[in-house]
Amino acid sequence: MTSSSPAATVVACPICRTPVEWGAHSPYRPFCSERCKLIDLGQWAEERYRVAASGDEPPSEGPGTH
């Protein structure tokens, strides 16, 4: 009798495209290493990534600006 174990999910590191197995033994997932994780963080800090705004309204100044 053979036991059927689910296939491991493998993702590509967003920085270097190295295959990374998604699991507890991959502490930097989805990145392959701390180096790639820090490169990604630096890109966010330098505002190289942007999150698109939804809707046509300008961003609010915060709560209580009415």
Side-chain angles (χ1 to χ4, degrees):
M1 181 180 244
T2 60
S3 64
S4 60
S5 61
T9 300
V10 176
V11 297
C13 174
I15 301 300
C16 69
R17 310 310 293 168
T18 299
V20 179
E21 188 173 323
W22 193 275
H25 59 280
S26 301
Y28 302 110
R29 65 187 178 272
F31 305 101
C32 65
S33 65
E34 184 177 21
R35 177 183 174 273
C36 284
K37 182 178 176 181
L38 292 175
I39 289 170
D40 184 73
L41 178 61
Q43 290 178 344
W44 279 103
E46 292 175 359
E47 297 182 357
R48 292 186 183 178
Y49 296 144
R50 306 274 168 112
V51 177
S54 62
D56 294 331
E57 297 180 29
S60 67
E61 303 262 336
T65 58
H66 298 305

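Side chains included, hydrogens not; waters and symmetry mates left out as well; all remaining heavy atoms used. Fair warning: this is a prediction, and the values are worked out from it, not measured in the lab.
Under a 4.5 Å side-chain heavy-atom cut-off, the cluster of Ile, Leu, Val, Met, Phe, Trp and Tyr residues that includes V10 has no other member.
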Residues 18-28, side-chain donor-acceptor partners within the protein, below 3.5 Å, at least two apart:
unit_1 : atom_1 : unit_2 : atom_2 : d
S26    : OG     : E21    : O      : 2.7

Distance-only donor-acceptor hits, side chain of residues 32-45, under 3.5 Å, sequence neighbours excluded:
unit_1 : atom_1 : unit_2 : atom_2 : d
S33    : OG     : R35    : N      : 3.4
S33    : OG     : C36    : N      : 3.3
D40    : OD1    : Y49    : OH     : 3.1
Q43    : OE1    : Y49    : OH     : 2.4

